[in-house]
Every structure is written in structure tokens, then in C-alpha cells.
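In the text below, chain A, chain B and the rest are named by the order of the sequence lines, each starting its count at 1.
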Protein chains: 2
Amino acid sequence: MIQITLNEKIFVKDPLDTELGKRIIFSSINLIDELGFEAFTFKKLGSKINSTEASIYRYFTNKNQLLSYLISWYWSWLHYQLIFQTNNINDPQQCFRIALRLFTEPIQMDDSFKHVDEQALHRIVVSESSKAYLRKEVDKDNKDGYHSSYKRLVKAVADIVRKMNPSYPYAESLVSTVIEGAHHQAFFAEHLPTLTNVNQSGNSLEEFFSQLVLKTIQ
Amino acid sequence: MIQITLNEKIFVKDPLDTELGKRIIFSSINLIDELGFEAFTFKKLGSKINSTEASIYRYFTNKNQLLSYLISWYWSWLHYQLIFQTNNINDPQQCFRIALRLFTEPIQMDDSFKHVDEQALHRIVVSESSKAYLRKEVDKDNKDGYHSSYKRLVKAVADIVRKMNPSYPYAESLVSTVIEGAHHQAFFAEHLPTLTNVNQSGNSLEEFFSQLVLKTIQ
DNA sequence: TCACTTAGATAGTAATACTATCATTTAAGT
DNA sequence: ACTTAAATGATAGTATTACTATCTAAGTGA
């Protein structure tokens with residue numbers, strides 16, 4: 001049983017400390033997935049969990065903070081998976097393959113987190129995660145550590161890339177491009193298929209990015 | 001003097017047909033750039049151009065349609081630039097270089113469009129363009145042609161990629177990854193620099209993607 | 001038992017995202 | 001010159017959003 005701990009400034013009151021807090025997290029994932037982030041409101045969430053808007057505000061200052069919390073939680077969880085799955089593996093090539101699979105394949109969540117719908121959270125990450133930072137408030141948010149989980153994950157994978165080729169100077173850029181790109185390509189494959197070749201005639205997301213990275217860093 | 005024509009369903013009434021329409025376009029670029037898309041409203045725009053909310057609704061059904069219009073206009077304009085600048089150039093490698101420069105360098109707009117602030121529009125494309133499609137309504141929007149300018153541009157550049165290597169099966173994915181990636185990397189370089197190596201010790205956006213593409217398609 | 005935490009209930013406010021109506025100006029056709 | 005239609009402005013109204021504030025009740029722990 002593991003516990004993922006997030007930066008304290010990313011919530012008003014830690015939702016994992018209470019029963020209501022856990023209901024907020026659990027149900028917000030389903031509701032954001034269902035309605036999309038724009039149409040999602042604390043009022044709707046309140047009525048869904050038989051609580052009130054005011055109660056939810058005791059945990060998060062606004063819905064953007066809640067989104068950032070969910071996304072951060074997801075990155076921390078992926079990072080934990082990466083560390084766990086690459087444990088005792090020395091070949092950086094193989095480590096990278098594991099990382100790439102985490103980014104491109106729908107995740108399988110273990111029983112430690114039954115309260116979380118992993119498929120739904122993944123869909124939210126694909127469709128909504130960039131909205132957590134594409135904001136005017138990004139610098140303030142960043143100071144408060146809203147994006148530190150993401151930054152840690154990118155650094156960890158960039159370190160793997162550097163182990164494969166220490167002279168490649170764009171490790172972080174490559175990794176963040178792959179992560180964001182994986183989301184975009186998955187979204188395009190579903191909604192705007194002319195923008196992608198993924199899911200067409202045997203082409204796969206993983207294969208596309210695998211080739212791209214290995215050839216790029218040679 | 002050229003005229004960029006956009007799909008008819010992307011507006012209620014063509015803003016380029018009237019004086020007020022042009023003021024809407026011109027000022028919305030500045031206002032979205034200044035406030036960010038979330039804080040931007042038709043009411044604020046109305047008072048900025050000495051008109052009213054109701055008048056703006058006669059051109060666009062909502063602010064998302066206006067955003068889609070601006071972004072579409074930008075893609076159409078880039079596409080035009082691409083065709084113009086690659087005219088009479090047969091070497092696909094060189095054509096690609098031109099395309100890449102269009103995606104990575106702040107554009108220089110010609111005098112035909114003095115009413116448009118090119119720098120501001122580019123900032124909007126970087127920070128807000130993905131919000132035009134990362135929506136629950138994406139399929140409906142797509143049916144109405146909201147994204148056809150983007151799709152045409154991606155196809156045009158993918159055709160260049162295929163000329164360089166006809167057997168590469170991920171041309172569209174590669175191009176859309178580069179375009180979206182160029183935005184992300186530019187945004188990261190400014191706001192979340194630990195996620196990128198661009199703008200650090202002589203590293204450039206253009207160089208990163210140039211290497212990435214050329215090595216990938218070999 | 002007292003203090004404290006937690007949450008439910010309710011109310012209120014300013015702003016947002018529209019829709020509707022009506023009057024006025026302007027431009028275009030006969 | 002007269003008529004009509006299109007374009008805009010002015011104003012009002014509505015439901016919802018995004019909060020903030022206050023008050024009460026229940027439960028917990030020392």
C-alpha cells in the first residue's frame with residue numbers, strides 16, 4: 001500500500017485525509033470525464049456526492065486547483081510506476097521502453113487505488129492536462145509547485161535519455177515533446193484522424209514515438 | 001493584396017465584410033492576448049471597441065467560435081506563406097526547412113494585414129490554440145469544418161515529408177507533433193524552463209525539431 | 001464536559017453567457 | 001424621392017457560474 005504525497009499548496013485541505021475528500025477526488029474524475037472541464041462545476045460535483053459547493057471549497061480554492069491536483073497525482077503515480085518497473089534494470093534502452101509504454105498505453109491501476117477510475121483519469125490527462133498550465137496564472141501556479149510532479153517525471157525520463165546518449169542536448173525537450181505528443185496523437189486518433197497515422201493500418205502510438213526517439217538520439 | 005477565405009460555418013456573419021467585423025477581429029486579438037482566453041468576454045470586447053455584446057453575437061455564436069476563427073485564419077495564412085515561399089523550389093528538404101521556420105520563428109506579417117498584430121496572434125496560437133479542439137464539442141465542431149484549415153496545412157507539410165521519404169508511414173503524426181510541440185516548447189521556454197532545453201546555451205527550437213525530423217525520417 | 005474539527009444548510013453577490021426586443025442609422029434598389 | 005432591408009446600438013432580462021459568508025449540528029479526543 002503506497003501513499004502518493006503531493007505538494008501542500010496544491011490543495012487547501014488534503015482530500016486524502018477525510019472521507020468527503022476522497023469522495024471529491026473519486027467523483028470529480030468521473031464528472032470531469034463526463035462533462036469536460038469547462039462544463040464541470042463544484043455545484044454539480046456537490047450534488048453528485050450529496051454534499052455542497054461550500055464543502056468542496058474547503059478542499060480546493062477553485063476547479064483549476066482541483067484539476068492540477070488530479071493531474072499531479074497522475075504524474076506522481078506514473079513516476080512511481082516508472083521507478084518500480086525499472087528497478088534493477090540497468091539497460092537504459094530497456095528503461096526507456098518501459099517509460100514510453102507508460103506514456104502511450106492506457107494504464108492499469110493496482111488495487112491500492114480502487115477509488116480511482118484509471119481509464120477516466122487517463123482520458124482527463126489526454127484532454128485536459130494542458131489546460132492546467134496554459135493559463136495566464138502559470139507563473140504564480142508554478143511558484144506554488146503546481147507542476148513539480150510533472151517536472152520531476154520529465155527529469156527522470158530525461159536522465160534515462162542522457163544515459164542512452166550523454167551528448168544529446170535536448171533530453172528534456174524530447175521527453176516533454178513525447179509526453180505531450182502522446183496525448184495529442186491519442187486525441188487526434190479518436191477525433192481528428194486526418195492529423196495522425198496512429199491507429200491506421202497497423203500503426204501504433206508506441207511505435208511512432210519509439211522510432212522517433214531512438215533515431216533522434218541515435 | 002490577398003484575401004484569406006474561411007469556412008462559412010466558422011462565423012455567423014463574415015467579420016471581414018464590415019467595419020465592425022474588422023474591429024472585432026483586430027481588438028479580440030489584443031484582448032485575448034492581454035487577458036488570456038478564459039478571462040476574455042464579449043462584454044469586455046464590446047466596451048473596448050465602443051460597441052456592445054449583442055452586436056458581437058451577430059458575428060460569432062460564442063467566444064470559442066471566435067477563437068477558432070482566429071486560429072483558422074492563422075493556419076490559412078501560414079499555409080499561404082508556405083505555398084508562396086516554396087514556389088519554384090523542387091528540393092523537398094529545402095521546402096521542409098521553410099515550413100519548419102514558419103512553425104518555429106515568430107512570423108512577420110506583410111502589410112496586407114495591418115489590422116492584425118502578428119506577434120499577439122502568434123502568442124495566442126501558442127497559448128490558446130489547443131483549447132479550440134480540446135473540447136467535448138470537438139466532433140460537432142469538426143463536422144462544421146472548424147479545423148479544416150489546420151488539417152489542410154498538416155497535409156501539405158506531410159506531403160513534403162513524404163517526398164523526402166515516401167516509405168515513412170507517420171508523416172501526418174510527425175508534422176502535427178512538430179507543430180504542437182513547437183508551441184509547447186516555446187511556452188515551456190518562457191514559463192516552465194525545466195521542461196525544455198530550448199533557449200539554453202545556444203539551443204534553438206528550430207534546431208531541435210530540425211534534427212528530430214531529419215533523423216526520424218532519415 | 002469542553003473545545004475543536006468537519007461538514008451541511010442557506011443566503012447573497014458580482015460576473016458570465018447568453019437571448020430578446022425595439023429604435024435608429026445607413027445603403028441600395030426602383 | 002421613396003421604400004425596404006441590413007446593420008448597429010441601446011436596453012433589459014435570465015439562468016448559471018464562481019465564489020464568500022455565516023450559522024448550526026454532529027462527532028472526536030483529551
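The side chain of A/Y59 contributes an N or O atom lying less than 4.0 Å from OP1 or OP2 of C/dA7. Distances shown here put a side-chain N or O of B/S51 below 4.0 Å from the OP1 or OP2 atom of D/dG9. The shortest distance between the side-chain N/O atoms of A/S55 and the OP1/OP2 oxygens of C/dG8 is below 4.0 Å. For A/K44, a side-chain nitrogen or oxygen approaches OP1 or OP2 of D/dT17 to under 4.0 Å. Applying the 4.0 Å criterion to OP1 and OP2 of D/dT16, one finds that A/T41 has every side-chain N and O outside that range.
In this structure, CD1 of B/I56 is placed 13 Å from P of D/dA10, rounded to the nearest angstrom. Going from atom CG of A/D17 over to atom C1' of D/dT28 covers 15 Å, rounded to whole Å. Atom CG of B/L45 is separated from atom P of C/dA17 by 13 Å (rounded to the nearest Å). Here D/dT14 presents its C1' atom at 13 Å from OH of B/Y57, a figure rounded to the nearest Å. In this structure, B/E53 atom CD and D/dT11 atom C1' are separated by 12 Å, rounded to whole Å. Rounded to whole Å, atom P of D/dT17 lies 9 Å from atom NZ of A/K63. Protein atom CG of B/L20 is 10 Å distant from nucleotide atom C1' of D/dG9, rounded to whole Å. What separates CG of B/N64 from C1' of C/dA17 is a distance of 13 Å, to the nearest Å.
Contacts of B/N50 with the nucleic acid, taken as non-hydrogen atoms under 4.0 Å apart, involve only primed sugar atoms and P, OP1 or OP2. In this structure, B/K43 reaches neither bases nor backbone, as no heavy-atom distance under 4.0 Å exists between it and the strands shown. Among the heavy atoms of the strands, none lies under 4.0 Å from A/F42. Contacts of B/F60 with the nucleic acid, taken as non-hydrogen atoms under 4.0 Å apart, are absent.
Among C/dC18, C/dG8, C/dT10, the nucleotide with an atom closest to any side-chain atom of A/R58 is C/dG8. Here the nucleotide nearest the side chain of A/N62, chosen from C/dT6, D/dC19, C/dG8, is D/dC19. Closest to the side chain of B/T18, out of C/dT19, D/dA7, D/dC23, is D/dA7.
Looking at A/S28 and A/Y69, their side chains never bring a donor and an acceptor atom within 3.5 Å of each other. B/Q65 and B/T61 form a side-chain donor-acceptor contact under 3.5 Å, judged by distance and modelled atom types alone. Between the side chains of B/T196 and A/E172, no donor N or O sits under 3.5 Å from an acceptor N or O.
The ring of B/Y133 has its center closer than 6.0 angstrom to the ring center of A/F188. Between A/F11 and A/F60, the distance separating the two ring centers is not shorter than 6.0 angstrom.
Looking only at side-chain heavy atoms (C-beta outward), A/L102 and A/L78 come within less than 4.5 Å of each other.
Nearest-nucleotide mapping onto DNA chain D: of A/A54 and A/F40, the residue sitting toward the 5' end is A/F40.
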